[in-house]
Amino acid sequence: MLQRNESLSQVAAAVGPVVLIVMDGYGLSKTDAGSAIAAANKPTLDKLFAQHPNIRLRAHGTAVGMPSDEDMGNSEVGHNALGAGQVYAQGAALVADSIASGEIWQGQAWQEIVAAAKAGKASRLHCIGLLSDGNVHSHIDHLKALVRQAKAEGLRSVRVHALIDGRDVPETSALDYVLPFEAFLAELSDADFDARIASGGGRQCITMDRYDANWPMVERGWKTHVLGQGPQFPNAGAAIEGLRQQHPGVIDQDLPEFVIAEQGRPIGTIEDGDAVVLFNFRGDRAIEITRAFEEGASFDKFDRVRAPKVSYAGMLQYDGDLKLPARFLVAPPAIRNTSGEWFSKLGITQFACSETQKFGHVTYFWNGNRSSKFEGETYLEVPSDVVPFEQRPWMKSAEIADAMIAALQSGQHKILRCNFANGDMVGHTGNFRAATMSIEAVDLALGRLLKAVDAAGGVALITADHGNADEMFELDKKSGQPALNKDGSPKAKTAHTLNPVPLILYHRIPGLTLGLKQTAAAGLSNLAATTAALLGYDKHADWDESLLTLA
Ligand SMILES: O=C(O)[C@H](O)COP(=O)(O)O
Ligand SMILES: [Mn+2]
Ligand SMILES: [Mn+2]
């Protein structure tokens, strides 16, 4: 149980609602070079930083449960840490460890996959997933381990369905992964074992939709991977080169689908009796394609044309409540005692809001990858546009602000949380000007929202889950200046950054002076206890400490 803290009782008595605002993709860069945040006109944020207590939080690497401090943060691990108040070894680390110890191969799930593939006509394993070392959704080393083990187990054939990244890694780096990987498969192949890439496409074009935003993307992936429909190429390297020629200027994540074929016949359609592993470990973008494989005749999201009877496994279980998928190779982190759960147990009402693209971030990820609500929680999803976000950099920031303001005015919620997707979603497009506008849109929304916080006598904690818009250009490691393309233009960066994020404490409650303490370890996981402190409670024993200070 969370205990009341007497020394905080005056604070709690003075504080109305507590508003938690996540500016997705808003990092604090060391330099203004290439920062869309530095370039943005953002009077509200400027004032917040100048006039209100603010500190830096660690939002990457081991501070959020990633294997190493070379790993950038991401929305899953960031929102898990924010909501759970603690840091768990995350999917990336759990899978790497399980492979290193060999435990993954001893597990029942893998054994069943091997047995099923062997029993099938083609002795074939399909591996679908994101082909990069981004370590956000997947890691190519995990895929290589799967292929090696498939051979060691005596399977005769592996087909890889490669989603092209360019979003968690440099924007046109596809061939840096595809070519060595095709060489790796060729080297492993022999008279008894045949491993090849069979299909693929840009991750923002096929298969990896999330939060039911765009099912036609998943349908396109299904047609590509399962039915073998799409433009044909002799191998994936040729596919990338060919598609780039056909679609000049299109970056990797947006490349259309491709199918590898011999004499006009796709080499790796998915058939009855095959085994399929989705080697992504992160859940949000893995759930829809998993449903397409696992659901029976009631599946109504698109016409599958043919639903092969396969043995399917996820690298992890993506949703523990929905048991999706039923079979998984590595157990996900068992995230317990989240702030959502404990505040709910205390009868504290909670409101969570974002637009579709980040809706699951403030609900499912926030609550430890749990898809059902805790008692006293109210969720509101603002439907996202289905467009390239560089065309609408304001996204739904105004509507989210409207919804939060209405929720504050209703007086029904004690804790309200929201996510502004802009800095991240527009940051991922690599479009500097649009990213600058995206930050300006957040600033405008924030200005309105904070007025409502004042009117309600509330306190706002404003933070982010990781950086993105803070570095829109690849920076030269030595000079710190933007790296240049051959034509002298700066090299766009689409991935997250390793920068810390802000935590700003905002309120205008008369007579109340609060501060934030900057500690060396201060990170996203300190937010839950800080929120509890504002409400007059000691933290849960599992949570990292509160950063609130009293004057
Ligand atoms: O899925 C994505 O869009 C990127 O891989 C990571 O972005 P997110 O972690 O901010 O969602
Ligand atoms: Mn994010
Ligand atoms: Mn992102």
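Just so you know, ligand 1 is whichever comes first in the structure, and atom 1 is the first atom listed for that ligand.
- Between the side chains of Asn422 and Asp24, no donor-acceptor pair is found at a separation under 3.5 Å.
- With waters neither drawn nor counted, the protein N/O/S atoms under 2.8 Å from the Mn ion (ligand 3) amount to 4.
- Aromatic ring orientation, Trp543 versus Phe343: perpendicular (interplanar angle above 60°, classes split at 30° and 60°).
- Taking the six-membered ring wherever Trp is involved, the centroid distance between the rings of His142 and Phe279 does not fall below 6.0 Å.
- Less than 6.0 angstrom separates the ring centroid of His126 from the ring centroid of His161.
- Residues His428 and His496 bring their aromatic ring centres within 6.0 Å.
- The side-chain tip of Lys491 does not point at the ring of Phe473 from less than 6.0 angstrom away and within 45° of straight on.
- Classified by interplanar angle (parallel below 30°, tilted 30° to 60°, perpendicular above 60°), the ring pair Tyr364/Tyr211 is perpendicular.
- Because its NZ or CZ atom is both nearer than 6.0 Å to the ring centre of Phe184 and within 45° of the ring axis, Lys144 counts as a cation-pi partner of that residue.
- Of all N/O/S atoms in Asp465, OD2 sits nearest the Mn ion (ligand 2).
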May I have the N/O to N/O pairs between ligand 1 and the protein that fall below 3.5 Å, each with atom names and distance to one decimal?
| unit_1 | atom_1 | unit_2 | atom_2 | d |
| --- | --- | --- | --- | --- |
| ligand 1 | 1 (O) | His137 | NE2 | 2.7 |
| ligand 1 | 1 (O) | Arg203 | NH2 | 3.0 |
| ligand 1 | 1 (O) | Arg285 | NE | 2.7 |
| ligand 1 | 3 (O) | Arg167 | NE | 2.9 |
| ligand 1 | 3 (O) | Arg167 | NH2 | 3.2 |
| ligand 1 | 3 (O) | Arg285 | NH2 | 2.9 |
| ligand 1 | 5 (O) | His137 | NE2 | 3.0 |
| ligand 1 | 5 (O) | Asp168 | OD1 | 2.7 |
| ligand 1 | 5 (O) | Asp168 | OD2 | 2.9 |
| ligand 1 | 5 (O) | Arg203 | NH1 | 3.3 |
| ligand 1 | 5 (O) | Arg203 | NH2 | 2.8 |
| ligand 1 | 7 (O) | His428 | NE2 | 3.2 |
| ligand 1 | 7 (O) | His496 | NE2 | 3.1 |
| ligand 1 | 9 (O) | Ser75 | N | 2.6 |
| ligand 1 | 9 (O) | Ser75 | OG | 3.1 |
| ligand 1 | 9 (O) | Arg282 | NH1 | 2.8 |
| ligand 1 | 9 (O) | Arg282 | NH2 | 3.3 |
| ligand 1 | 10 (O) | Ser75 | OG | 2.4 |
| ligand 1 | 10 (O) | Lys358 | NZ | 3.2 |
| ligand 1 | 10 (O) | Asp424 | OD1 | 3.4 |
| ligand 1 | 10 (O) | Asp424 | OD2 | 2.9 |
| ligand 1 | 10 (O) | His466 | NE2 | 3.1 |
| ligand 1 | 10 (O) | His496 | NE2 | 3.2 |
| ligand 1 | 11 (O) | Ser75 | OG | 3.1 |
| ligand 1 | 11 (O) | Arg210 | NH1 | 2.8 |
| ligand 1 | 11 (O) | Arg282 | NH2 | 2.8 |
| ligand 1 | 11 (O) | His361 | NE2 | 3.4 |

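- A salt bridge links Arg210 to Asp284: one of the charged nitrogens lies within less than 4.0 Å of a carboxylate oxygen.
- Aromatic rings of Trp215 and Phe299 (six-membered ring for Trp) have centroids within the 6.0 Å cut-off, being under it.
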